[in-house]
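Below is one structure; the comments refer to it alone.
Since we're looking at a predicted model, the values are computed, not measured.
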Amino acid sequence: MKIWIDIVNTPHVRFFNGIIKRLKADGHEVLITARDFSDIHDLLNIFNLEYTSIGDHGVTLEEKLLSSTKRAYELSKFIAKEDVDVAITKHSIELPRVSFGLNIPSIFILDNEHAVAANKLTLPLVDKLIIPEIFDVWNTIKYGMNPNGIIRYNGTCEITHLEDFEYNENILEDLGLNITKDNIILMRPEPSLASYLDADCTKSVLTPIVDELKDNSDILIIPRFKTQSDIFDDIENVHLIHTPVDTFSLMKRADLVIGAGGTMNREAALIGTPVISCYPGRQLSVDTYYINKGLMKRSTNLDEIISMSKELLSQDNEDVDLEYDNLIDLIVNEIYDSYEKANSSKK
């Protein structure tokens, strides 16, 4: 088989890494396309994954529309020359359109039911949709997804990210960080360039939280882009961490994670570090999954966040036995199933 994977966001590199390794170990060819956005290319290089860079990411609605339209055109020309058997992505707007137009079986991974615009543009065109069990299926069907193509699993996408994680206990020394306080808090700003979040990229909901906690803790902040770096530059006891970096070891070394996004919060919950989500958008069901299991707290109220932080920093972590499905096995099996069905229908 030749499997086409389209990668459009940084966390998707880790998500697909284990899947790609499994497919290659089984003797299949994997064709990777990647958008030029954030640290996608750097991470692909770190994981030694060959890829073709196609398209970029806009900031305004007009720029996003033009970038996506141009990218769909360029992908169409590129993929039309390849003998692709199955296409798979996580949240790519363009892959469903291209695979539908070229009659390639497609698999779509979804973990954000509130990305309304993206879901309207993609779900009516995909053959299979893989979603967490905690999702309300109606939030996919109402956008045009065929219910017969929905596959559900116990867990969230982040369970694939830790496939090869090895803790580096010297991560702080390796990064040359001068830690002077008793506690370390790792923070991640909101995804303010995302289409599903109405946010000002020159501001952050983390700013007042940093102001309240920086005197008693060393704060590590992983900005998503330069404008976010500028927000927190030159603040005492605040250390800016520039990616790509071993974020998992930082999460494990930290005493607390406070995130205004989603992926890193869920990764920290899986690693076992206390997490507070202050994501400014509507609560995602994949976050509810960890909140219900006692692995994450959530608030957008400053006083409540500060109170939660002090409480979590003062108590010992409790191990929680979390059971979830093997998502890599499930996805690889669905790829094989899609290939077999496509070939049987041609006979």
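Under 3.5 Å, the side chains of S249 and N168 contain no donor-acceptor pair of N or O atoms. For the residue pair T156 and Y290, a side-chain donor N or O sits within less than 3.5 Å of a side-chain acceptor on the partner. Side-chain N/O atoms of T140 and E113 include no donor and acceptor closer than 3.5 Å. Side-chain contact annotation: T52 with T33, donor-acceptor N/O pair under 3.5 Å absent. Judged purely by distance below 3.5 Å, without hydrogens or angles, the side chains of D36 and S53 never pair a donor atom with an acceptor atom.
Taking the side chain as every heavy atom from C-beta outward, R188 and I221 never approach each other to under 4.5 Å. Using a 4.5 Å cut-off on side-chain heavy atoms (C-beta onward), M187 and V257 make no contact. Using a 4.5 Å heavy-atom threshold, the side chains of L220 and I185 count as separate. Using a 4.5 Å heavy-atom cutoff, the side chains of F16 and V30 are not in contact. Looking only at side-chain heavy atoms (C-beta outward), T288 and I134 come within less than 4.5 Å of each other. Using a 4.5 Å heavy-atom cutoff, the side chains of I88 and S106 are not in contact. The closest side-chain heavy-atom distance from L312 to K297 is below 4.5 Å. Contact check for C278 versus I258: side-chain heavy atoms found under the 4.5 Å cut-off.
In summary, R266 and D287 engage in a salt bridge, as defined by a charged side-chain N under 4.0 Å from a carboxylate O. A salt bridge links K2 with E82: the distance from a Lys NZ or Arg NE/NH1/NH2 to an Asp or Glu carboxylate oxygen falls below 4.0 Å. Salt bridge status for E334 with K128: present, with a side-chain N to carboxylate O gap under 4.0 Å. Using a cutoff of 4.0 Å between basic side-chain nitrogens and carboxylate oxygens, K341 and D127 are not scored as salt-bridged. R71 and D6 are joined by a salt bridge, as a carboxylate oxygen and a charged side-chain nitrogen come within less than 4.0 angstrom of each other.
I20 and I130 fall within a single hydrophobic cluster, where Ile, Leu, Val, Met, Phe, Trp and Tyr side chains are chained together by heavy-atom contacts under 4.5 Å. No chain of hydrophobic side-chain contacts below 4.5 Å, direct or via other Ile, Leu, Val, Met, Phe, Trp or Tyr residues, connects L121 to F37. Follow the hydrophobic side-chain contacts under 4.5 Å out from W138 and you reach Y143 in the same cluster. L65 and Y73 sit in two unconnected hydrophobic clusters of ILVMFWY residues. Membership requires side-chain heavy atoms under 4.5 Å apart, directly or through other members.
Under a cutoff of 6.0 Å and an axis angle of 45°, K252 and Y167 form a cation-pi pair. Geometrically, R97 does not engage F100 in a cation-pi contact, judged by NZ or CZ lying under 6.0 Å from the ring centre and within 45° of the ring axis.
When the side chain to side chain donor-acceptor pair (under 3.5 Å) test is applied to S76, no partner is found at least two apart in sequence or on another chain. Contacts of S68 classified as side-chain contact (heavy atoms from CB on, under 4.5 Å), with partners at least two apart in sequence or in another chain: I93, E94. Residues forming a ring-ring contact (aromatic ring centres under 6.0 Å, His included) with F15 (at least two apart in sequence, or on another chain): none. Partners of H239 according to the ring-ring contact (aromatic ring centres under 6.0 Å, His included) rule, which considers only residues two or more places apart in sequence or in another chain, do not exist here.
For the side-chain hydrogen bond (donor to acceptor under 3.5 Å, both in side chains) with H91, the lone residue among D111, T122, N9 that qualifies is D111.
By the 4.5 Å side-chain criterion applied to Ile, Leu, Val, Met, Phe, Trp and Tyr, L95 is assigned to a cluster that also includes W4, L31, I54, L75, F78, I79, V84, V98, L102, I104.
Here ring-ring contact (aromatic ring centres under 6.0 Å, His included) pairs that include residues 304-337, with residues two or more places apart or in two chains, are H28-Y336.
Using a 30° and 60° split on the angle between ring planes, F165 and F248 fall in the perpendicular class, above 60°.
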